[in-house]
Amino acid sequence: MRRIGINLLAFMFCVFPLGISAKESKSALKPGAKVFIASMPDGFDTYLKSAIEKKKVPLTIVEAREKADFEITGASETQKAGAAKKIIRLNWHSAEQASISIADLKSGEVVFAYSVNKESSAHGKQSTAEACAKHIKEYLKQ
Amino acid sequence: MIKLRILFIGLLFCLSVVASFSQTTQNSSEEVNPRVPKGAKIFISPLENGYHIYLAAAIQKKQVPVVLVIDKSRADFELTAVTESEKAGWAKMLFLSSGASAEQASFQLVNIKSGTVSFGYNVNKSNSNKGKQSSSEACAKHLKEKIESGK
């Protein structure tokens, strides 16, 4: 029995250096995770929060970064329809583009990112925010 | 019997140390090599207009075999970019029937340890259907080709 124990200890002692050099496993975004939505230009973070609720994305939004597992950062750009677009193309909808990225705060890895571009957005930032929320939900279902 | 056992344990220990050391040696040789290995950790420098987030999304969408990190100290490479957008004016809408913006961007991937530029790419789209998304995806696509070529 003692011999078995010694052999086992010796085996673990030899394997341990190999374990140190092993690569870190990639973190994944899972339903129920706590996310913090960072402040974004043009208040896009507020639209995103609403979209996540509307689309019933299974994530918990927290107001404090310290309490979160993941952080969502994003950028958004709106181009209102000018006279040319209205007269020539008969289109008064704005052009929207947005991009979001979700990072694991512990490992520092980006686990999900998505870009959306809508040349004629019927509901402005709401449309792009909901597109982001929808794709986050699809990603969580995988 | 005991001597054999001691010898066996010693041999196992030496093998494990050599294996760990060889990985360290391999990492050192990769610092000089401008090749971008699969699974490399890349930090994207933040840009004022948020273009770094478009890049992150493009790298994910094109399934580029790298790991994106938000902390530069954990990264092997740093991706920097310069980008410019020009919105379609009335003339373009009237004569070309196009409301798409003109996009141009330039990218650079630098090995943080060695300071060498491992990848560089310029893109210019006079009629970008998806704005910043198009130019960032062009970068991601060519970065993927670079990594998969192994050069």
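If you're wondering where the values come from, they're calculated on a predicted model, not measured in any experiment.
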Seminar exercise, completed: Within residues 102-110 of chain B, contacts to chain A at heavy-atom distances under 4.5 Å involve none
For this session: Spell out, yes or no, whether A/V62 and A/L140 are grouped together once hydrophobic residues are joined by side-chain heavy atoms under 4.5 Å, including indirect joins.
Result: no
For this session: Answer yes when A/E109 and B/R74 have at least one side-chain N-carboxylate O distance shorter than 4.0 Å, and no when they do not.
Result: no
Problem set entry | A/E77 CD to B/Y51 OH distance, which is reported to the nearest 0.5 Å | 11.5 Å
Exercise. Do any of residues 94-101 of chain A come closer than 4.5 Å to chain B, heavy atom to heavy atom, and if so which ones, in number order?
Worked result: A/Q97, A/A98, A/S99, A/I100, A/S101
Exercise. Is there a path from A/F36 to A/L59 through hydrophobic residues (I, L, V, M, F, W, Y) whose side chains come within less than 4.5 Å of each other?
Worked result: no
Exercise. Looking at side-chain heavy atoms only, is the closest gap between A/V110 and B/I70 below 4.5 Å?
Worked result: yes
Problem set entry | Heavy-atom closest pair, residues A/S115 and B/A57 | OG-CB, 3.2 Å
Problem set entry | Within one Ile-Leu-Val-Met-Phe-Trp-Tyr cluster: A/L105 and A/F70, side-chain cutoff 4.5 Å | no
Problem set entry | Side chains of B/Q60 and A/Y114 in contact at under 4.5 Å (non-hydrogen atoms) | no
Problem set entry | B/L68 with B/I112, same ILVMFWY side-chain cluster at under 4.5 Å | no
Exercise. Within residues 138-149 of chain B, which positions have a heavy-atom distance to chain A below 4.5 Å?
Worked result: none
Problem set entry | chain A contact via B/K130 - side chain, backbone, both or neither, heavy atoms under 4.5 Å | both
Problem set entry | chain B-proximal positions within residues 48-58 of chain A [heavy-atom distance under 4.5 Å] | none
Problem set entry | Single-linkage hydrophobic cluster, 4.5 Å side-chain cutoff, A/L29 and B/I53 together | no
